[in-house]
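Data block below; observations after.
Counting begins at 1 with the first residue of the sequence. Just so we're clear, the structure is a prediction, and the values are computed from it rather than from any experiment. Quick note: numbers below take in every heavy atom, side chains included, and nothing from hydrogens, waters or symmetry partners.
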Amino acid sequence: MVFGIRKRIHDHLVERRIRRTRLVTKYGHCNIEFGNVKYGNHFAFLVDFWTTFVEFRWRFVLFFFIASFTLSWFIFGLLWFWIARNNGDLTWQNPSKGHIPCVDNVYNLITAFLFSLETQTSIGYGGRAITPFCSGAVTLIIIQYLIGNIINCFMCGVILAKISIPKKRAKTITFSEMAVICPKKDFLCLMIRVANLRKTLMIGSQIYGKLLRTTIKPDGETIIMDQVNIEFMVDAGKDNLFFVCPLTLYHVIDNTSPFFEVAVDTLHKQEFELVVFLDGTAESTNSACQVRTSFIPLEIMWGYNFLPIISRNKEGKYRVNFSNFSKVVPVATAHCAYCFHNMKGHHLHSTDGIDNGEFEVIDNLEQPNMTKM
């Protein structure tokens, strides 16, 4: 039991350390902070107040929603109380028997607040109503009605924008937890699996990657977070991704690839971060969104391949088994890219495959086209 607790603590500390050292988390959040920003630049956020409000967390949006309405009701309640006081409508002012009030049944602060709430929300219970004998009251009810509509439109717009924000669509697109390196079509490839959990398509989807690493130039200059483009390929169509089922993305490791100098025994000693992006437009909402994730050397498995995930039953229907989405099996793979291209048969694992009885074999004599994204 003690050993199990120690292992959990160790795994938690390792996970926290990995989370701190990566720029992009597995869920696409950027782990970066800004320091020494000039105080005057903060006013730029106030100028672009709409984006600022939309980017607030839900707890703050709900706080501003409640506070804006409650505060406006209270402020206008004070104004209605002030009008009633100036007109001598309050109880403690002992109005005469024939006195005409500015607002019926407003005779203290509580009733003034209730009339303010009923006016701004258009409730109108009928117990309190304005009279046409006070011009100030008529002007105030017009002002409150206009300001109340402005607050209502603004806050409803913010909530609607947050609900329909495009990045929420990205929650239903998932990447495999690990990346693998293995042969594919006579090439050594780095492969990643991606799936769209909704049946609606992502139109115009594009996949690309960035390799982030720290490099030192010959003159001694250190470049932190140097970015290198990583090209991915897919076996799907000619132009854009037909993203209706899970796809396997692969990057060919040749002499132009930044992974060409990496070997199986040096991979986990490297310091880099592979960030993968998927850009597309949601078919149902016509809103553009971006999905991203990252892989560090500890999350790249050399000499493994993904298990099959798509099958077809006897009725001819296609089925996706997500239990195999991130599962891998060892395959015969060279120790390095140089070995793969120059030393045939120099393999790390055996060539014995693993049968997967759940999937039926579908004969396909034609080879799919390789499309470069």
Side-chain angles (χ1 to χ4, degrees), residues 24 28 170 173-196 201-213 227-264 267 270 272-281 289-297 299-310 318 320 324-329 331-334 336-341 362 364-373:
V24 179
I173 297 177
T174 181
F175 289 88
S176 57
E177 297 178 0
M178 309 291 288
V180 298
I181 295 178
C182 66
K184 180 179 176 64
K185 295 182 179 180
D186 299 328
F187 294 100
L188 185 65
C189 300
L190 182 147
M191 296 192 294
I192 300 168
R193 183 170 273 174
V194 60
N196 180 12
L201 299 180
M202 292 289 294
I203 303 173
S205 299
Q206 294 182 348
I207 291 284
Y208 58 96
K210 299 287 184 180
L211 186 68
L212 309 179
R213 59 186 179 181
Q227 300 185 22
V228 180
N229 291 327
I230 302 295
E231 295 182 352
F232 282 95
M233 301 179 183
V234 293
D235 291 332
K238 296 181 179 180
D239 298 321
N240 296 320
L241 296 178
F242 184 48
F243 202 9
V244 69
C245 61
L247 300 174
T248 300
L249 319 172
Y250 55 92
H251 163 72
V252 176
I253 303 178
D254 52 17
N255 56 359
T256 63
S257 171
F259 296 101
F260 186 75
E261 302 296 333
V262 180
V264 62
L267 174 62
Q270 301 290 322
F272 64 81
E273 182 176 351
L274 175 61
V275 184
V276 182
F277 302 87
L278 187 148
D279 295 339
T281 303
C289 68
Q290 182 184 86
V291 192
R292 53 187 177 266
T293 188
S294 69
F295 299 88
I296 59 177
E299 296 169 343
I300 300 177
M301 305 178 66
W302 192 294
Y304 288 84
N305 195 3
F306 292 110
L307 279 174
I309 192 174
I310 302 176
Y318 291 94
V320 179
N324 287 348
F325 182 71
S326 294
K327 291 182 179 180
V328 296
V329 291
V331 294
T333 307
C336 61
Y338 178 83
C339 301
F340 181 85
H341 293 289
I362 302 175
N364 186 8
L365 300 178
E366 296 181 1
Q367 295 294 331
N369 295 327
M370 185 174 62
T371 303
K372 183 178 179 182
M373 298 301 297

Show your working on side-chain contact (heavy atoms from CB on, under 4.5 Å) between Leu278 and Gln206 and close with a plain yes or no.
CA-CA 6 Å; Leu278 187 148; Gln206 294 182 348; over 6 Å; no
Start with the C-alpha distance between Val276 and Phe175, add both sets of side-chain angles, then the distance that settles side-chain contact (heavy atoms from CB on, under 4.5 Å), and finish with yes or no.
CA-CA 9 Å; Val276 182; Phe175 289 88; 3.9 Å; yes
Apply side-chain contact (heavy atoms from CB on, under 4.5 Å) to residues Leu212 and Gln227 and explain how you reach the verdict.
CA-CA 5 Å; Leu212 309 179; Gln227 300 185 22; 3.4 Å; yes
May I have the step-by-step check of side-chain contact (heavy atoms from CB on, under 4.5 Å) for Thr293 and Val24, ending in yes or no?
CA-CA 6 Å; Thr293 188; Val24 179; 5.9 Å; no
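Taking 4.5 Å as the limit, some side-chain heavy atom of Leu188 sits within range of a side-chain heavy atom of Thr333. You'll find the side chain of Phe325 reaches within 4.5 Å of the side chain of Thr174, heavy atoms only. Taking the side chain as every heavy atom from C-beta outward, Met301 and Cys182 never approach each other to under 4.5 Å. Side-chain contact between Pro246 and Val194 is absent, with no heavy atoms from C-beta onward closer than 4.5 Å. Using a 4.5 Å cut-off on side-chain heavy atoms (C-beta onward), Phe306 and Val180 make contact.
Between atom CD1 of residue Ile300 and atom CG of residue Leu274 there is a gap of 6.0 Å, rounded to the nearest 0.5 Å. If you take CG on Leu249 and CD1 on Ile192, they are separated by 6.5 Å, rounding to the nearest 0.5 Å. Of the inter-residue distances, the one linking Trp302 atom CH2 with Ile181 atom CD1 reads 4.5 Å to the nearest 0.5 angstrom. Atom-to-atom distance recorded for Ile173:CD1 and Asn196:CG is 5.0 Å, nearest 0.5 angstrom. In this structure, the separation between CZ on Arg193 and CE on Met178 is 14.0 Å, given to the nearest 0.5 Å. Taken from OG in Ser176 to CG in Asn324, the straight-line distance is 13.0 Å, to the nearest 0.5 Å.
With sequence neighbours excluded, the residues forming a ring-ring contact (aromatic ring centres under 6.0 Å, His included) with Phe272 are Phe259, listed by chain and number. In this structure, Asn255 has no side-chain hydrogen bond (donor to acceptor under 3.5 Å, both in side chains) partners at least two apart in sequence or on a different chain.
Between Ala263 and Cys336, the shortest heavy-atom distance links the atoms CB-CB, 3.7 Å. Minimum heavy-atom separation, Tyr250 to Met191: CB-CG, 3.4 Å.
Side-chain N or O atoms of Gln270 include none that pairs as donor or acceptor with a backbone N or O of Leu267 at under 3.5 Å. Formation of a donor-acceptor pair under 3.5 Å by the His251 side chain with backbone atoms of Phe232 is not found in this model.
Side-chain atoms of Asp279 and Gln290 form a donor-acceptor pair, as typed in the model, at a separation below 3.5 Å. Checking Glu177 against Ser326 by side-chain atom types alone, no donor-acceptor pair falls below 3.5 Å.
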